[in-house]
Amino acid sequence: MHEFKYKNTQLYCENVLVGKLAKTFGTPLYVYSYHTLIGHYLKLKAAFSQINPLICYSVKANSNLSILKALITNGAGLDIVSGGELFRALKVGCPAKRIVYASVGKTEAEISTAIAKGILFFNVESLPELRSIDRIAGSLGKITRVAIRINPDVEVKTHKFITTGKITNKFGIDLNNAYKILLLRAKFKNVKICGLHIHIGSQITESAPFVSGIKKVSAFIKKLELKGIRLEYLNIGGGLGIIYDNETPQTAQVYADEIIPLLKSTGLKIIMEPGRFIAGNAGILITKVLYIKNTPKKKFIIVDAGMNDLIRPALYGAYHNILPLRKISKSEKADVVGPICESGDFLAKERMVANVKEGDYLAVMSTGAYGFSMSSNYNSRLRAAEVMVSEDKVQVIRKRETYADLIRNEFAK
Ligand code: LLP
C-alpha cells in the first residue's frame, strides 16, 4: 500500500505531481508520503489492537525530525541506537518513557545521558555492558531499567548483512548466559532487569522465524517464572519485510494473528520496533538522467543520484524498482548508474528500464527506509533534499546541503 501512483501518464505522490517537485527542488530528491508513513503505522497498531503494544519506530530507518514527529504525534515511541538518535528523539518531544535503546557498543557518555533523561529501558547486549550501566547508574544515584537482548539462534532468510539472530552474530546474549545473568540479578544494585528483547534481522518476509524466536523466548520466560523471576516487558524487535520487487511478505494482520496468542501467553507488556515496515514504501528517490551511454556491450543510464544517496544496491545487492516520472511505453535493458568513481555505484543492473532520454527523471521506489539515513558525502557530494507530501501540501523537511555544509567542521592547516 502506498500513495505513489500514476494518474494518466504522470507519477503523483498523494495529490502532487512528482515531476513538479523535481523541477522545484532539484535532484537528487527524497519524496515522502505522509499518509503512506502514518498508514503503515496505523495498520500495525490496528492488527495488534488486542494487546495494545508500544510501537517504537526504529529511528535508524529514517531519522528525519519530521518523520519522527509525525509518528510520535500519532502515539508511537522510538527505538534508538546512539546518542545522536536520543538527541533527535528528545528534540521532537518524544516522551522519554517511550524510548528504548539498543546497540552493542553504547558509550559511557551515551549511557549516562539516557539514564539522566529517564528512557524506558536499555536493551542490553552483553555482560560487560550490563556492568557498565550498573556502575554509571550508581554514580548518578539512579536505578535504571534494562531488558536483556536474547540471541535466540534462529535462521532467517534475508541478506547475510542484516540477519542478527544467529549465535554467530554480534548481537544479544545466548539463553544460557542470559539465565545466569538473571539468577545473579541482585548483584546489579542500580539496575532493574524488567524485560527481554529479541530482534532477529531485517526484511523478513515470512512469519516462521519470528514465531520460532518468540517461542524460544516464551519458554525462557516460563523457566524464569519457575525461579520466581517475573518480568514486565517483552520487546519483539522489528524486521517485518516489505515489497520491493515480487516478494510476498506476511501482512501485518497475518503476522499479528500468528504471534498474538504466543505473546498473550507471556502475560507481559509488548514492545515492537518496526522501521522498514513503516517508512520503506513511504519514500522515493527522484533522480535526473544526465547521459545515455551506449557501449559495445551495454547501455548505461547515468543519473545524478549515486551510491552516496542510496547505498542499498551496492551494499546488499538490493532491488529497487525504477520508474519514469512520465510513463513511457518502450523499455530496454540497461544499467542505471551514478556519477561516483566506483563500479559499485549502481542503482540497477541489467534491468528493463523505460526508454528515457537525457533530462528525464526517474523514481527509485521504496527508498523511505535506509535510504537517506545511510547516505554520505562520499566524492564530496552534497546530501539530497527531502520533502514531505500530505495530500496537496508540500514541505521541505531537509534542505539540500551546500558546499559550506560540506567543509563546516574542517580546517586547512
Ligand atoms: N530493532 C533493532 C534492534 C534493529 O537493529 C533494527 C534494525 C530494527 C529494530 C528495525 O528493523 P526493521 O523493522 O527496519 O527491519 N540497512 C539495512 C537494514 C539494517 C537493519 C538494522 N537493524 C537495509 O538497508 O536493509
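Indexing begins at 1, ligand by ligand and atom by atom, following the structure's order.
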**Tyr41-Tyr57 aromatic ring centre distance below 6.0 Å** =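 No - the distance between ring centres of Tyr41 and Tyr57 does not fall below the 6.0 Å cut-off.
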**Item:** Aromatic centroids of His199 and Phe171 separated by under 6.0 Å
**Value:**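 Distance test on ring centres: not under 6.0 Å, no.
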**Message:** Please enumerate all residues that pass side-chain hydrogen bond (donor to acceptor under 3.5 Å, both in side chains) together with Glu342, with sequence neighbours excluded.
**Reply:**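 Partners of Glu342 by the side-chain hydrogen bond (donor to acceptor under 3.5 Å, both in side chains) criterion, ordered by chain and then number, come out as Tyr378.
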**Message:** Check the orientation of Tyr101 and Phe122. Use parallel for under 30°, tilted for 30 to 60°, and perpendicular for over 60°.
**Reply:**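 If you compare the ring of Tyr101 with that of Phe122, the planes turn out tilted.
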One pair per line, please: each N/O atom of ligand 1 matched with every protein N/O atom under 3.5 Å away, atom names first, then the distance to 0.1 Å.
from	atom 1	to	atom 2	distance (Å)
ligand 1	1 (N)	Asp79	OD2	3.4
ligand 1	1 (N)	Glu273	OE1	2.7
ligand 1	13 (O)	Gly239	N	2.8
ligand 1	13 (O)	Gly275	N	2.9
ligand 1	14 (O)	Arg276	N	2.8
ligand 1	14 (O)	Tyr370	OH	2.6
ligand 1	15 (O)	Ser202	OG	2.4
ligand 1	15 (O)	Gly239	N	3.3
ligand 1	16 (N)	Tyr316	OH	2.7
ligand 1	24 (O)	Arg312	NE	2.6
ligand 1	25 (O)	Arg276	NH1	3.3
ligand 1	25 (O)	Arg276	NH2	2.8
ligand 1	25 (O)	Arg312	NE	3.4
ligand 1	25 (O)	Arg312	NH2	2.9

**side chain to side chain contact (heavy atoms under 4.5 Å, CB included) partners for Lys298, two or more places apart** =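 Thr295, Phe300, Asp335, Glu350.
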**Asked** Does anything in residues 12-22 pair up under side-chain hydrogen bond (donor to acceptor under 3.5 Å, both in side chains), and if so which pairs, sequence neighbours excluded?
**Response**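 Output for this query lists Glu14-Ser33, Glu14-His35.
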